[in-house]
Amino acid sequence: MKPFVYVTRQVPDAIFERLAIKYDVEMWKEADKAVPREILLEKVSKADALLTVITDVVDEELFSRAGSLKVVANMAVGIDNIDLDAASRHGVSICNTPDVLTDTTADLTFTLLLATARRVIEAAEFVKDGKWTSWAPMMLVGTDVHHKKIGIVGMGKIGTAVAKRAAGFDMDILYHNRNRHEVAEEMLGAQYRSLDALLEEADFVICLAPLTDDTRGLFQREHFQKMKNEAIFINASRGPIINEQALIEALEAKEIAAAGLDVFDKEPLHAAHPFLTMKNVVALPHIGSASKETRMTMMMTCCENIEAVIDNRHPRTLVNKEVLHFD
């Protein structure tokens, strides 16, 4: 019998067909709706491999239902939807898709910064709603980006890529990270700051930290209160890193000027969420890596990892290296 691979979202034909050459493949037929938990648990009981997305909860319950599961290929850099300890206990390789989405996500992050600063979404809706009747000196004025101070919280690969884009706008680059980033300091003139100092100095605070036990709930009301009243907050990392209610209150109290958000605590946002009624919030549907080229590369990376593990070869992007048992 061919190994069984279960794909938790609808993927393009090219991805399905690549896997189907060597494996018995089943796929959840919805592209924008998560596979129901009971179906995922039923499928994993006979699966050799899963191709998952970030909304799939891959935990002890799932691993305990698996009979022959060897690999979970997660279509994301982050693996906060996966219990790594449980995976390792069960001998399951966890693979992600790093590097391939770095520049694409950095592009979107800087786009979000620009759109928020220059009120691009609000202006486009203003035109579409037929409200543009004349030119006015102060109509829909935003704030400049060039020559301002950008504060990047989380100076990993994506943070560094955003810093490169900021350098092109002649911005002063501040950053906060667990460790000093000497290359960014030397090549881009980036300046290390404590978190509090960064919040106090930056005109734009960009959250690009990974979601961990240490960063969950990192941004609270007091952090927004440390920011300049005219500062803009951007989150393109993970929603649970910020206390959303604290951000809402800070925006309502005009403690900060605006926010651009690609990620949220609970996704998707419900129609009545306060962010959706606030003109100084740009809300996007978690599209950081959403270019055709990058998404296809991410899925191809998942295929390569599945093929490697099933063939008992070392996968390209193994996360839990403690399970190493490959030729």
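Nothing here was measured: the structure is a model prediction, and the numbers come from that model.
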Expected output: side-chain W132 to main-chain S134 donor-acceptor under 3.5 Å: yes
D48 and Y23: CA distance, side-chain angles, deciding distance, side-chain contact (heavy atoms from CB on, under 4.5 Å) verdict: CA-CA 10 Å; D48 295 278; Y23 312 121; over 6 Å; no
Lys NZ or Arg CZ of K131 over F126 ring: under 6.0 Å, within 45°: no
Derivation and outcome, side-chain contact (heavy atoms from CB on, under 4.5 Å), residues V72 and L69: CA-CA 8 Å; V72 175; L69 187 64; 4.0 Å; yes
Verdict with reasoning, K43 to E38, per side-chain contact (heavy atoms from CB on, under 4.5 Å): CA-CA 9 Å; K43 297 299 182 183; E38 62 273 15; over 6 Å; no
Electrostatic pair D99:R316 at N-O distance under 4.0 angstrom: no
Side-chain donor or acceptor of N320 paired with backbone N/O of E322 under 3.5 Å: no
CA sep, side-chain torsions, deciding dist, call: E122, R119, salt bridge (charged side-chain N to carboxylate O under 4.0 Å, His left out): CA-CA 5 Å; E122 187 182 353; R119 300 171 67 181; 2.9 Å; yes
Over 12 non-hydrogen atoms of neighbours within 6.0 angstrom of CE in M187: no
Sub-6.0 Å ring centroid separation between Y192 and Y175: yes
Neighbour count >12 (heavy atoms, 6.0 Å) for atom CG, D144: yes
NZ/NE/NH1/NH2 to OD/OE distance under 4.0 Å, E222 and K226: no
Distance in Å, D83 CG paired with H90 NE2, rounded so as to fall on 0.5 Å steps: 8.5 Å
Plane angle bin for H273 and F275 - parallel if under 30°, tilted between 30 and 60°, otherwise perpendicular: parallel
Flag for T55-R9: side-chain donor and acceptor within less than 3.5 Å: yes
R89 atom CZ, over 12 foreign heavy atoms within 6.0 Å: yes
Sidechain N-carboxylate O distance under 4.0 Å for E244, K266: no
Under 3.5 Å: donor-acceptor pair, side chain of D103, backbone of D107: no
E304/R313 under salt bridge (charged side-chain N to carboxylate O under 4.0 Å, His left out): CA gap, chis, key distance, verdict: CA-CA 10 Å; E304 292 171 12; R313 293 182 285 109; over 6 Å; no
Test log, rule salt bridge (charged side-chain N to carboxylate O under 4.0 Å, His left out), inputs D56 and R37: CA-CA 8 Å; D56 297 316; R37 180 70 174 175; over 6 Å; no
Spacing of CZ belonging to R216 relative to CG belonging to D265, to within rounding of 0.5 Å: 8.0 Å
R221 atom CZ: more than 12 heavy-atom contacts under 6.0 Å: yes
Verdict with supporting geometry, T301 and M299, side-chain contact (heavy atoms from CB on, under 4.5 Å): CA-CA 5 Å; T301 300; M299 287 182 276; over 6 Å; no
Pair H176, S194: side-chain N/O donor-acceptor within cut-off below 3.5 Å: no
Between CD1 on residue I173 and CD1 on residue I150, distance to nearest 0.5 Å: 7.0 Å
Of K228, K148, H147, the residue whose pairing with D203 passes side-chain hydrogen bond (donor to acceptor under 3.5 Å, both in side chains): K228
Whether T104 side chain and L101 backbone form a donor-acceptor pair below 3.5 Å: no
Short side-chain donor-acceptor distance under 3.5 Å, S291 and T294: yes
Pair T317, N305: side-chain N/O donor-acceptor within cut-off below 3.5 Å: yes
Partner residues of T212 under the side-chain contact (heavy atoms from CB on, under 4.5 Å) criterion, sequence neighbours left out: P210, D214, T215
Taking only distance into account, with no hydrogens and no angle test, what donor-acceptor pairs under 3.5 Å do side-chain atoms of residues 230-237 form with protein atoms, sequence neighbours excluded?
unit_1, atom_1, unit_2, atom_2, d
N235, OD1, S237, N, 3.1
N235, ND2, R238, O, 3.2
S237, OG, A209, O, 2.1

salt_bridge(R193, E201) N-O dist < 4.0 Å: yes
A76 backbone acceptor or donor facing T97 side chain under 3.5 Å: yes
